[in-house]
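In what follows, chains are A, B, ... by sequence order, proteins preceding strands, each numbered from 1. The analysis underlying the following values was restricted to heavy atoms, covering all of them including side chains, and did not include hydrogens, waters or symmetry mates.
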Protein chains: 2
Amino acid sequence: MVLNKRQNDLLKIIVEDYIKTARPVGSKAICELLDCSSATIRNEMAYLEECGLLEKTHTSSGRIPSEKGYRYYVDNIMKPKELTGEDMLKLQTIFSNNSLMLNDTIIRSMEIISELTSYTAVVLGDDSSLNKVSKIEVVPLDENKLITIVITDKGHVEHRNVVMEKNVPMEEIRKTVELINNLIVGTPIDEVSSKLEFEVKPIISQYVKQHEVLYKAFYNAFNNFASDVSHETPFKLKGTSNFLNEPEFSNDADKIRKIVSKFDDNNIVSSIKEEDSGINIYIGSENSFDDDVTVIKTKYKVNDGEGTIALIGPKRMEYDRVIALLDYIKQNIDKNS
Amino acid sequence: MVLNKRQNDLLKIIVEDYIKTARPVGSKAICELLDCSSATIRNEMAYLEECGLLEKTHTSSGRIPSEKGYRYYVDNIMKPKELTGEDMLKLQTIFSNNSLMLNDTIIRSMEIISELTSYTAVVLGDDSSLNKVSKIEVVPLDENKLITIVITDKGHVEHRNVVMEKNVPMEEIRKTVELINNLIVGTPIDEVSSKLEFEVKPIISQYVKQHEVLYKAFYNAFNNFASDVSHETPFKLKGTSNFLNEPEFSNDADKIRKIVSKFDDNNIVSSIKEEDSGINIYIGSENSFDDDVTVIKTKYKVNDGEGTIALIGPKRMEYDRVIALLDYIKQNIDKNS
DNA sequence: ACGTAGCACTTTGGTAAATGGAGTGCTAAA
DNA sequence: TTTAGCACTCCATTTACCAAAGTGCTACGT
């Protein structure tokens, strides 16, 4: 499929106009821009429709871009936009605030982007289930309560409160922790609970008097690390509602419900999986979140792990601006890590 | 305002019917139930409307309860319902699962309630800014990265990754931590950063060589505890979308938007503040969340802190059932803590 | 004094018809 | 290859209309 210059220009005009107004674009409005008559435009439009790049909402309506049309626009027509001074300024104040941890900086800056664009921002933390245990700490709180803290090699920290059925002398606890530390360090976090069961349990029961109650306490604590999904891949959502102001949703209660439900589910995590390290754009059915939206996302790496940031918006997203914004954040993350 | 028996019965019937059907209740449907003619019912209805307990949606519609009507119903008419076997069974399986931490049990059981009722569940953790520091741990990750972990007297754990600009010998770090521990333990968490500035800084700079870089690292870490709202009062939301299926919202895109926006804001935390320890019901304008909803909430206390659980639903909430459900959870929390 | 039958009146909600406007496709001419 | 012109299509909005549901009020009976 090859487009000549005029067809290219026409597609650009239609996509950008539709992105701006959310209304089907008619031939008349375009004549002046391309310096020819509406009939000519109509002919070209018909051709673009034949190519699958445009669609009509009904037989005599103006044209709107098809999914393929957006894709063509993004791949071949659009040029990433320069960030406006205003946008940049807002983000700059976040990144230049040294008292924020990088992680918080990322979350905060995605919040800003969400406000700026009125799309929904998603920040997916790293998947700690692949991390390996690097240290276990135990802090006694009072007679029969402990806090167990697990630190992984990538700096991920998990903790659990443990209530023991009986009081156990500190010395016993210390010994147990030492044993566990020796055996568990280096184990991927999602294998810990089975390793506890089959390797640690036999040994503890040999060396420790109150092994029953202690083992149970630790087992419960660790068992949780694996099963608690929300801790495995922490994520932040911001701006769920901005979204709903987009005209294509604003009057359609069913669509709103459908999309809000999807945000409500924790499946976002799985539908926003990261891929290669560039900025990836998934338009409509290309993403596994919802056919009516575009997901644009990118991976980032920081000293202590990696993650994904994403924006979810309507298919008629301001692609050029969003790419510039994400790119800016990505660069700043790299610089700061 | 005093109601005779028939008026009382009538209000009960109207409220419960409206809760069930979401449709204005007409006089004819009631005659059989109260064994009198529709005209009589209409007279009584007019009286209840005069009292402010009922409303009409238009001049010739049936009646719906007013806010005051719901309030009267809840205070004077409704009897808390027995839990059905089915509801109880579902919750029982959560509470009898010993491998879950109590905290997770609470969250899980509120999720169940959300599914059962199709209202939105909120779990507010305890406000750790009032906790006092009970211990500070530091785990070195590699040459210039540390993890600082702060444990409070109520078992709350916070942690931050710290990147130091230069490498600092372990011995220096150890000494610093010891000093900080001595000075900070017992300090409320939201006062830590000022105490660091004015009491700890002078002392560190005396005893520790690389005090500049170390102080900065710790200061940044602690400064965050106070400023990061989401960590201060952690909360979980479940079932935002269930809500939207209620008939009074289902066709009103504006209302949906309005309420979803409120869930999106973190203001929920402030609008769901706990009060006394019973089960509190806030109907419509009585709550600070939204005039179109009822918020029903209760405080719970557990070994390592306290929190609030709440349900947000339409004003025509199944009050009797919801109260029974919350009460059941509350009792189980008390039993298990 | 209370209850009720009857009736006129109001509002809603749904369906049908009428109308204007925006936009297309096609044809024929430049 | 472009364009003017025209017939046609579909949408959106307005208007009209009707049945259903329900009310308030009046007048009558006990």
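Rounded to an integer number of Å, the gap from A:His58 NE2 to D:dT9 C1' is 9 Å. Here D:dG22 presents its C1' atom at 14 Å from CG of B:Asn43, a figure rounded to the nearest Å. For the pair A:Arg42 CZ and D:dT1 P, the interatomic distance rounds to 19 Å; values are reported in whole Å. At whole-Å resolution of the value, NZ in B:Lys56 and P in D:dG22 are 13 Å apart.
On the nucleic acid side, DNA chain C has its first and last nucleotide under 4.0 Å of a heavy atom of chain B at C:dG3 to C:dT12, going 5' to 3'.
Nearest-nucleotide positions on DNA chain C place B:Glu44 closer to the 5' end than the other of B:Thr57 and B:Glu44. Comparing B:Ala39 and B:Ser60 against DNA chain D, the residue whose closest nucleotide sits nearer the 5' end is B:Ser60. Of the residues near DNA chain C, A:Ser61 and B:Thr59, the one whose nearest nucleotide (by heavy atom distance) lies more toward the 5' end is B:Thr59.
Rounding to the nearest 0.5 Å places CD of B:Gln7 at 11.0 Å from CG of B:Leu34. How far OG of B:Ser109 is from CD1 of B:Ile329: 3.5 Å, rounded to the nearest 0.5 Å. Taking CD1 of B:Ile14 as the reference point, atom CD of B:Glu44 lies at 10.0 Å (rounded to 0.5 Å).
OP1 or OP2 of D:dT3 lies within a sub-4.0 Å distance of a side-chain N or O belonging to A:Thr40.
Panel note: side chain A:Thr120, backbone A:Gly239; a donor-acceptor pair is recorded below 3.5 Å. B:Ser66 contributes no side-chain N or O that, together with a main-chain N or O of B:Glu55, makes up a donor-acceptor pair within less than 3.5 Å.
Residue-environment remark: CG (B:Asp75) exceeds the threshold of 12 foreign heavy atoms within 6.0 Å.
In this structure, B:Lys297 satisfies the cation-pi test against B:Tyr282, with its NZ or CZ atom closer than 6.0 Å to the six-membered ring centre and inside 45 degrees of the ring normal.
Of all heavy-atom pairs between B:Gly313 and B:Met317, the closest is N-CE, 3.4 Å. Of all non-hydrogen atoms in A:Asn242 and A:Tyr119, the two that sit nearest each other are ND2-O, 3.8 Å.
Against DNA chain C, the stretch residues 3-38 of chain A makes heavy-atom approaches under 4.0 Å through A:Gly26, A:Ser27.
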